[in-house]
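In what follows, every chain begins at residue 1, and chains take the letters A, B, ... in the order their sequences are listed. Computed from a prediction, not measured in an experiment: that's the story for all the values here.
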Amino acid sequence: MAYDPATIEPHWQAYWLEHQSFRAEIDPSRPKYYVLDMFPYPSGDGLHVGHPVGFTATDILARYKRMRGFNVLHPMGWDAFGLPAEQYAIKTGTHPHITTRRNIDNFRRQIRSLGFSYDWSREIDTTDPGYVKWTQWIFCRLYERGLAYQAEIPVNWCPALGTVLANEEVIDGRSEVGGYPVERVPLKQWMLRITDYAERLLTDLDDLDWPEPVKKMQREWIGRSEGARIRFAVDHHPDTEFEVFTTRPDTLFGATYLVLAPEHPLVDQITAPDQRAAAQAYILATRSKSERARLSETTSKTGVATGASARNPATGESIPIWIADYVLASYGTGAIMAVPGHDQRDFEFAKTFDLPIKEVVSGGNLEVEAHTGDGRAVHSGFLDGLPSKEAVQQMNAWLEAESVGDACVSYKLRDWLFSRQRYWGEPFPVLHHADGTTRIAADEDLPITLPELQDFRPSGDFSPPLARVTDWLEVPDPTGGPPLIRDANTMPQWAGSCWYFLRFTDPENASAPWSEAAEQYWMPVDLYVGGAEHAVLHLLYARFWHKVFYDIGLVHTKEPFQKLVNQGMILGHSYRYWDDNLSDDPHAAPTRFALSQVDLSGETATDRASGNEVREQWITPGDVFRDDDGTPKHPEDHRLVLDEVLEKMSKSRGNVISPDQIIENFGADSMRLYEMFIGPLEKAAPWSADGIKGVRRFLERVWRLLIVESPSGEESLRELSDAPSEPESRLLARTVAGVTDDIEAMRFNTAISKLMILVRDAARFESLARHSAETLTLLLAPFAPHLAEELWSRLGHADSLTQEAWPEAQRELLEEERQKIAVQVNGKRRGEIEVATGASNAEVEAAALALDAVAKHLGGRAVQKVIVVPGRIVNIVG
RNA sequence: GCCCGGGUGGCGGAAUUGGCAGACGCGCUAGACUCAGAAUCUAGUGGCCGCAAGGCCGUGCUGGUUCGAUUCCAGUCCCGGGCACCA
């Protein structure tokens, strides 16, 4: 029988499970390597082809490192709390517990069918009470340290989802999940004081081996800026003052008015009676405006004067106080000093409302625009003549001396909104007393498990579903007082993923989240692979918790993830056209439009001819009709050319490829190999049904190289010679060295191409040495482990190759004795010479000049210069 | 608008430090095997001119630096991603 993954692969998967081949135990005598995938949310759709890209990359590293003698920790688990299971429960009444269990079983089956070398004894499920217990325990530690607190704040309330969302989960005024509208509503919520760690989260990025763009995104998210707080006393309101934050204290002399955010607490107090109506109207208008609307008018400035004023401490002048929505309540102090001469936003506002513009930094043209760059201070009293940087220093010193301000640092990062009004999450281990005070649950009472529920619907009135479960909610007071009330909120999905990488080091521990010994040995994660979509959220939250653990003494490293790699997405082809069936009437006979007939420049697509709105429609790739030259056409209308789009796979486009189907048709090894061969790991690449045939053919060639079939159909190992021939040895050495380097650098696509070359050339040799066959098998093992194990076994080995030593290249064979060197005349290739490796430049030059082609292309001109690059090229200039 | 990536054959991609552009794979063409097909194997495959030898052009575009540029510099166009009143 020929190469048959359908029999080989299940056999070896069962073998690995049975022999616990990848079980990791602490072993101080060996170096450790912790390689981690971002654990998946087990969705109802099952694995998509994008998951195995990262999983295969980490598996190659895990298998390779084992063969290099490392003690490898390579675990897998489930980030199983989350909205989709709950949404499904609302729709069908199926308990999230059941859905989650079912989805996990399916994910586990799919992941196992790809032959990844996980230590399944360490499998984690964040919804497991044994895990929830420690998530809650960690919350208690945060609470004790004052890092968890409750606050009444305007939050992002999403009516459709029935929950509040963190700022990070809201994109352009819509929920990241589902794209529903979000409103700002003041609600009492749990917050985590991540801002206390802003500075460390920023500085510790420097030493991480992470992609620069990810570090940059985190830096920008934290948004550190240096400046000063300056106090302004409000005129005619004794003892009333407020602070502004500015990064340009040197421009204080140029502050000609002040602006409060509409939500600023002082607005109500200081607004003059005759401005009160206008201010109220403005504040209401701001509040009802959606984020989207506010964003779209970033160029035009609106605002209302309060009628109040305050004294500029530098000039002693009274300057007016305004309200404007271009000042954000949530950043800095929610108030600014406006310096229209040197801030473009203030400049635009001043122009709109005819406020004075004063030059205090030279070098710009204030007739045209604000001068935001540096220069020398002018019209600024004691600062005059100083360059901006020095002026900042002087002003800060003056502010402190005069007790009107301080130099300080401000961050864009806000505290983390940590509660959700949902059912399917970790309950807060918090009890509320009747008097409004709260206390955390005792450690021995953990976990606080979720009550069984029939009705999962959000209450619709900001209260969580758990608030309806009276007998769960009320806890008798041990001191005999009125019953204590449990907190009815649940934690966001991020909670479980903030520490799972630590639990993997010691997953069964019942007395602690993890043991010191396990943490000391396994942490930090040496390689963390996952999608770029987690660049800020998950990675920032997990770093934050890890730093708290560090402060408590629970971990010994400041950072959890030493090296991070983002895998690229697998894209699918999808096919679209447009029609005028806007209401989705199934009985309509709509007019269809091709891309060329449609205008996409506006907010909605329109038919160019009529200007009427048309709607995008998608054809499943399998249904697309192809005409003779391959042009994609509508299946029912062969005149309609479809627009081919390459994008992220999604259900709505019908372009999703299931790994199950690929494994069935080609095998897991082919699937793994293809996803690695398609291009660099970090780069997005389109799925190609033809491409996978190529790697499958390669695996068949490997099989036929070692396994021969008698005319009667019996298979056996081919006859192997004792010693490899010299060209064979050289080829082998080159491949071992190349593949090893490529794996270390995670260039899996080129590693596979080198294996293809080895197999192609080895097939042409008359004989093949046992050593060559075994080396090839070992090199192949991280990529196509099932086939490699099968061949290893047929090569006569009783044990699995997972712990075999990785082949070493014979260095002395890497250098050829003779080498070919290209010869150029005036930079153009005109010939080639062959010289002994290590030949002197003079020898190489002489050989090159002796070529007929060189003389011909010199055309009689004298040689002016000869450049010899040893081993590569000779360039003759003449 | 600002900040990052990235533009290389029909397609995915390769090219270590500025040194033979197009490795490897897909697809395609021809041949071998076959009654035939599939599979497999062999050869070819950037474009143009040429019977050939060979020549010219060629890494988004326009310039520059260099003996030599996919690689460095300046400008520009296109695609993808991130940020977007953060004082």
Practice task
Looking at every strand, decide which applies to A:Arg830 at a 4.0 Å heavy-atom threshold: base, sugar-phosphate, or nothing.
Solution key: sugar-phosphate

Handout entry: Sidechain N-carboxylate O distance under 4.0 Å for A:Arg219, A:Asp206
Key = yes

Exercise for the section: Nearest whole angstrom, please: distance from the C1' of B:rC85 to the CG of A:Asp346. Expected result: 10 Å

Practice task
Step through it carefully: locate the ring centre of A:Tyr326, locate the ring centre of A:Phe349, and say whether they are under 6.0 Å apart.
Solution key: yes

Completion exercise
Of the listed B:rC26, B:rC67, B:rC24, the closest approach to the A:Phe677 side chain comes from B:rC24

Handout entry: Nucleotide B:rU40, atom P - distance to CZ of A:Arg760 in whole Å
Key = 17 Å

Handout entry: Pairing of A:Arg829 and A:Glu832 as salt bridge, 4.0 angstrom limit
Key = yes

Exercise for the section: Strictly below 4.0 Å, heavy-atom distances to any atom of RNA chain B: list the hits from residues 678-689 of chain A, or just say none. Expected result: A:Ile678, A:Pro680, A:Lys683, A:Ala684

Handout entry: Euclidean distance for C1', B:rU70 against B:rA15 (whole angstrom)
Key = 9 Å

Practice task
Classify the nucleic acid contact of A:Lys412 as base, sugar-phosphate or nothing, counting any heavy atom under 4.0 Å across all strands shown.
Solution key: base

Practice task
Quote, to the nearest angstrom, the P distance that separates B:rC48 from B:rG10.
Solution key: 10 Å

Exercise for the section: Could you tell me which nucleotide pairs with B:rC2 by Watson-Crick or G-U wobble geometry, both distances under 3.5 Å, or answer none if nothing does? Expected result: B:rG82

Problem - N-glycosidic conformation, B:rG55 - syn within 90 degrees of 0, else anti - result: anti

Exercise for the section: Quote, to the nearest angstrom, the P distance that separates B:rC57 from B:rG68. Expected result: 14 Å

Exercise for the section: Ignoring hydrogens and angles, answer whether the base of B:rC85 and the side-chain atoms of A:Lys301 contain a donor-acceptor pair closer than 3.5 Å. Expected result: yes

Problem - Length of the line joining A:Ile692:CD1 and B:rC24:C1', which is rounded to integer Å - result: 17 Å

Practice task
Indicate, with a heavy-atom threshold strictly under 4.0 Å, whether A:Asn875 touches base, sugar-phosphate, or nothing.
Solution key: base

Problem - d(CG, A:Leu328; P, B:rC83) in whole Å - result: 16 Å

Problem - Salt-bridge present (A:Lys351, A:Glu348; N to O < 4.0 Å) - result: no

Practice task
May I have the distance from A:Asn826 (atom CG) to B:rA69 (atom C1'), rounded to whole angstrom?
Solution key: 16 Å

Handout entry: Those residues that, when tested against A:Ala370, pass side-chain contact (heavy atoms from CB on, under 4.5 Å) (two or more places apart)
Key = A:Gln344, A:Phe347, A:Thr372

Exercise for the section: Strictly below 4.0 Å, heavy-atom distances to any atom of RNA chain B: list the hits from residues 745-755 of chain A, or just say none. Expected result: A:Asn749, A:Thr750, A:Ser753

Problem - Spacing between A:Glu709 atom CD and B:rA39 atom C1', to the nearest angstrom - result: 13 Å

Practice task
Can you tell me, in whole Å, how much space there is between the P of B:rU59 and that of B:rC20?
Solution key: 15 Å

Handout entry: A:Met569 CE to B:rG5 P, straight-line distance once rounded to whole Å
Key = 19 Å

Fill in the blank from the handout: By nearest-nucleotide position on RNA chain B, the 5'-leaning member of A:Ile876 and A:Ile873 is A:Ile873

Handout entry: Any A:Arg704 side-chain nitrogen or oxygen under 4.0 Å from OP1 or OP2 of B:rU40
Key = no

Handout entry: Upstream residue (5' side of RNA chain B) when A:Pro213 and A:Thr247 are each assigned their closest nucleotide
Key = A:Pro213

Handout entry: B:rU45 and B:rG7, which share atom name P, separated by this distance in whole Å
Key = 26 Å

Exercise for the section: Check the distance between B:rU40's C1' and A:Leu705's CG and give it to me in whole angstrom. Expected result: 15 Å

Problem - Phosphate contact (B:rC26 OP1 or OP2) by A:Lys693 side-chain N/O below 4.0 Å - result: no

Handout entry: Distance, nearest 0.5 Å, that separates OG of A:Ser670 from CG of A:Leu787
Key = 9.0 Å

Problem - Pair A:Tyr411 and A:Tyr331, ring centroids less than 6.0 Å apart - result: no

Handout entry: Closest to the A:Arg872 side chain, choosing from B:rC56, B:rC24, B:rG19
Key = B:rG19

